[in-house]
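What follows is a single structure, written as structure tokens, with notes after it.
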Amino acid sequence: MVKFLFQRTIGMAITMFFVSIMVFVIMELPPGDYAERWAFRKFSGTGAQITEADLDNIRANFGLDRPAPERYFKWISGIVLHGDFGEAFAFQTSVNNVIGQKIWLTLAILFSTLIVTYLVAIPVGIYAAIRRGSAEDYALTVFSYLGFALPNFLLALVLLYVSITVFDSSVGGLFSPEYADAPWSIAKAKDLLGHLIIPAIILAWSATAFQLQTVRATMLDELNNLSVTAARARGVPEWKLLLKYPARLAINPVVSTMSFDANRIFSELPIVALVLGLPELGELLLKSYLDLDMFVAGAILLILTFMIVFMNFLSDIFLAILDPRVKLIEG
Amino acid sequence: MTPTDLSPKETQAPINQMESEEAQRYYSATQFQLIWWRFRKHRLAQVGAIILITMAVIGLFAEFFGPYTGTTRVSDAVLVRPQAPQFCNDDGCTLRPFIPGVISERNPETLRMETKIDPSVRRDIYFFVEGEEYKLLGKFKTNIHFFGLKEGSIHLFGTDSLGRDIFSRVLLATRTSLSIGIFGVVIAFVLALVIGGVAGYFGGGLDYAIQRLTEIVRVIPVIPLYMGLAAAFPKEWSSTQVYFAMTLVLALVGWPTLARRIRGKLLSLRGEDYVIAANLAGAGPSRIIGRHLLPAFMSYIIVDLVISFPFMLLSETALSFVGLGLRPPTVSWGVLLQDAQTVRAIEQAPWLFIPAIFVVVAVLSFTVLGDGLRDAADPYQVSG
Amino acid sequence: MSDTLLEIKDLKVHFPIRSKNLFGGVTKYVKAVDGVSFYIEKGETLGLVGESGSGKTTVGRSILRAIEPTAGKVTFNVDDETFDLSQLTDKEMRGFREHMQLIFQDPYSSLNPRMTVRDIIAEPLIAQKLATGDEVDERVREAAALCKLNLEFLRRFPHAFSGGQRQRIGIARALVSRPQFIVCDESVSALDVSIQAEILNLLMDLQAEFGFTYLFIAHDLSVVAHISKRVAVMYLGQLVELAPTKDLFYAPKHPYTEALMSAIPEVNPDQEMNPVHLDGEIPSPINPPSGCRFHTRCPYTQDNCKTDIPKWEEIEDNHFVACHFAKTLTLKGAEMPTSVDAN
Amino acid sequence: MANTKEITKDNLLEVRNLKISFKTDEGIITAVDGIDFSVKHGQTLGIVGESGSGKSVSTWSIMRLLPKNSIIDKGSSIQFHRKSGKVVEMTKLKANSRELRKIRGGEVALIFQEPMSSFSPVYTIGNQIVEAVLQHRDVSKEEAEEIAVDMLDRVGISNPRQRFRQYPFELSGGMRQRAMIAVALSMNPSLLIADEPTTSLDVTIQAQILELMNELQEELGMSIIFITHNLGVIAQVADEIEVMYLGKILERGKTKEIIQQPQHPYTQALLEAIPRLDRLGERLTAISGDIPSPLSRPVGCPFYTRCEKVMPGICDIEMPKPTQLSETHTVYCFLHEEKDV
């Protein structure tokens, strides 16, 4: 197990190294350079005249006159060694300050979404497989189709519209107005939990549709497995048999694709966050892309990807616990 | 669950003494005939196909089917409600559809312009009427529209806050969104085919390197990655440039998944007994690829193409929706939905949300079509 | 030896195991075939038997170079000229394939479902340009007729046929290029008993008519005994015994062969089975036992079996064994028929 | 409902007029078409048949294990003598009823061809045996574990305590089949259905498993239904044999009667068609033609399409009636029916 963990940790580090290069490339992509955007943001409206010399100064300050590999090295070593993600010009402060506690809110959203997804997809998928061909199964298939077809942000809009026109209250945001700027307290945490449900359901929408189908398909495969018939031939009661044999195995593909779910959720997060007004990383990422505040964008992209890679790591461990065959392959 | 002596192989029909004409036909049916017969059993998939073909045709001739060009502003008709054609009013019924007249006046309380229906006025709808001039398929100058009014204006889906006809704009957007999907899928596919094909056919170290690369591209969240690439488009690019850049971006991010599937399929095909048999028959690589791998592969390629579409459509819509994708004056479903970004906008004019229905219907159609095709694509596998 | 068609010397096939760690380094090898030597004479059938994991299929495929051998020499005589197959380039090998063919085990997966029967049978001719135009069709029809296939069926696709018929199509494909050597890799194992006899008869008839040379690989000892002139027994990647069929079955010289013979269930309720008991299981071909590979399970094992590798010796005329005690052990073979018409 | 007479005393199981069909996309396939057979206490009934003969279907139906699209005809009867002495009509039992569950495993056990897929890969061998024992015996968990280890030992698995904690994939094929037998026998059944239990095994392992089953039968006294397509195996293990072809029984008798004096043309042809070591060098007699598809079963005797001695106008009209050749030997063939008359 120690060797297994060690191998996976190294693998994670290597993946993150390549990811960081890709992220750096993306940060470098926008036309014009960072110094111009920084200066524009800082001095616009102040009436100050910026000369080419000023810009060169700024470039030298930020090290922008250095070749790209050197800049990459400086950037990544700042992150790895000091946890310093650079400066966010749009906010005139460090990226760390901007991101700060939003990481925790993002994680809270990620996990609540995953929980909603699995709480729905696993039992319902199992049920649909057992009742294959029934009206419920058919209805669930239709629901899954809709899950693929109706993007989460449109669902968010629909829900918002319904909540406002029918219930006359908004479902957006992560906090009630009275808690938004209040210091953390138990009441605020409760308020957060209450507000998390709606975004979690919206973000879980398509992930649930996908996983439901995966669970159903695996379950159908497993139901046809001889080991199920063998257990039935031993006189094991039907419900116990279904839970112990096929259902147990139907969870495996879900566990092994946890990182894909995280990927899907983070994909949809920025847009859903925009619609619902959620103050977390996705929304910030979108804003910084629009402002071309690439240090912030790069940092967030890196953090989100790291969370996905880490989820992958977790799912590998869970899978090794769940399925004794996995260890053998690792040898 | 099936006992051993009822395995699929045994229930496959061997030749019998008596052979009906139908059996004869089945026995000498080619792959695509078999696929077609199986596909014909999938009602839902056929409905999907028909919807998509209709959308494609309407999109292709958007200017003809829409009564207005997408940019025409009917200034006194801002945020007009959708108008449904009618056959009957208080004066009785006619065969010719018509829409009631509309009056717009300023609400004395809110001071907003509001539209009201004037049932006393009847505006007949005519077909193949003359209207604004346009170029059909970008080539033939004409001013004939499929339908329209002789006087006044018709807005089946209402108008937006600038007084543009949403129906006409949705048709144009259909063209843009579908075509960007097609180009995106095709380019991604060419990339995936080359890269996945190389990896799957040659295997070894090259395969390993490509595998790792695709893995890395796949861990970065997709839409944020798209956004990062799209954010790099210079502001001064023309809408055409952005359009092409978008297809490229969609393709660049889309290929790893496809390449992985192609590679996997190729690897499994390469190990098939009949491919080994061809090898032992002395067939060279070109014959093996051309006669054995590609034909077996074609149906999967088609299925994969179809199921990749929704992803491209949704990505484009999402990016344009937040302003990182296509930009006005190009209209796509995502661009149109920008007007419906806030609840307030939808509350005021729910019909701005109509393009979303097109997105959903298109994606649904692709999904059911893909499902049907996937079922039909391998006619040699007996389905459980 | 001018009547030798094929000679295999010290053939080795080792499959690397890639560990699934970061750099995919190769640390272990599966020694599927580990030093196998034998020859096959023109027009004979050499049977090759062994249990699963013995490497018999790998031997057959590596002779045809469907799997690249790791080491060893395979020489092939065509028209009094000798070719070293392991030295041929891929392209030269392709040209050589008209002389050697394979009949597969699974009649379902070995035919491309997307090609007509005619195209399947014609493949060797077209791929190697052995015939053109009408000649192709002529030779396809000829091959099909030899395999008792209805010529009407040639434009049909494989999905129209049952297992037995498909296997005939596979045989027609194998013989259309008029090869000298055919490897039958478990070619009747997947068939029903009532179909199997017909295919065996067909293979034997074709051999009588055209003088084909077969390497007949199977796990069913009775089938191998029935069709082969000589039989080789494989265990864990190596040959343990090779002899004319009757010598091998009725008077085996290797303890493993004895165990195999004793395990055949006879279709005779009066004759009770009395299998030799073998200890444990077949060891892994990744780490084969030292000395004689069979020593971990052999009922007659001695101390030197653990350390010394037994020599592959011809102890009687045409009877090869690899056992330290081949000359001293008295082993029991299959029950010999009491009379010729023991019906 | 002609065949509802009470089961005779020396029979553990009596099957009458069993007819099973499957609903499929291509229509209704009749897999088993009105067969009768019985199993005596402590004896082994061998069922031989090629693919599509319905040998597995007919025996799986005894335990009511067939998939949902199967239909057991109303006129069919499967009577089973329970340990309590009570006779149950298996076809009348409700699916998932308590009584059916008690019989499954506890009184009738099943082993399959592929021991790998009949174990769940994610639980240890021990776990799966203990589950079975607890299901059918009134013992504590510790006692069940002892029974399991003891059973593993009895079936010849070395280091049973260690194997108990291993997963199926850690065992070799032969070991797994032994473990499968251990599971089946740990519940102390009175009938063991062995569905091609040695087909996927090598000959040396097969011989060991057959020996083991013989020993265990002598020791425990259960009845066995042994299904196989291998005539050599059946000759070695069965007391009685029935020969099935396309859902019908064509011949039934003591093992010696079937192997040494086969009377049905199909049985004769089968015995001629297999290569035998005591007949090396003889040409095999092949059976011409193919097994017809279950989708288009011939009318009349199912074998007439391939039979050398077919009598047109007779064999292709209706199924021949059973002809009793001796007390134990029955054949379904017009050749004998004529002689009888």
Does atom CD of D:Glu219 have more than 12 heavy-atom neighbours from other groups under 6.0 Å away? yes
Do other residues, nucleotides or ligands put more than 12 heavy atoms under 6.0 Å from the CD atom of D:Gln260? yes
Within the 3.5 Å criterion, strictly below it, is a donor on [X] or [Y] matched to an acceptor on the partner's side chain?
X        : Y        : value
C:Thr257 : C:Glu241 : yes
D:His229 : D:Glu196 : yes
C:Glu51  : C:Tyr256 : yes

If you tally heavy-atom pairs under 4.5 Å against chain D, which of C:Asp220, C:Asp270, C:Leu200 wins? C:Asp270
For chain D, find which of C:Asn201, C:Val276, C:Val193, C:Ile264 contributes the most heavy-atom pairs closer than 4.5 angstrom. C:Asn201
Which region of [X], side chain (C-beta onward) or backbone (N, CA, C, O), has a non-hydrogen atom less than 4.5 Å from a non-hydrogen atom of chain C, or is it both or neither?
X        : value
D:Leu201 : neither
D:Thr285 : backbone
D:Leu231 : both

Quick one: does [X]'s side chain have a donor or acceptor within less than 3.5 Å of a partner on [Y]'s backbone?
X        : Y        : answer
D:Ser223 : D:Lys40  : yes
C:Arg230 : C:Leu46  : no
C:Ser284 : C:Ile286 : yes

Considering only heavy atoms, which portion of [X] lies under 4.5 Å from any heavy atom of chain D: side chain, backbone, both, or neither?
X        : result
C:Asp279 : neither
C:Ser262 : neither
C:Glu281 : side chain
C:Glu198 : both

Only pairs of heavy atoms separated by less than 4.5 Å count here; which of D:Ile205, D:Ile234, D:Leu210, D:Val233 has the most with chain C? D:Val233
Ranked by heavy-atom pairs below 4.5 Å to chain C, first place among D:Ala273, D:Pro275, D:Ala207 goes to D:Pro275
Test salt bridge (charged side-chain N to carboxylate O under 4.0 Å, His left out) on D:Asp153 and D:Arg163 and set out the steps. CA-CA 10 Å; D:Asp153 192 35; D:Arg163 299 288 182 199; over 6 Å; no
Heavy atoms only: give me the nearest D:Gln206-C:Pro265 pair and the separation to one decimal. NE2-CG, 3.3 Å
Using a 4.5 Å heavy-atom cutoff, which residues in residues 235-256 of chain D come close to chain C? D:Ala235, D:Gln236, D:Thr255, D:Lys256
Salt bridge (charged side-chain N to carboxylate O under 4.0 Å, His left out) between C:Glu186 and C:Lys56, worked out: CA-CA 10 Å; C:Glu186 301 270 10; C:Lys56 52 188 192 303; 3.8 Å; yes
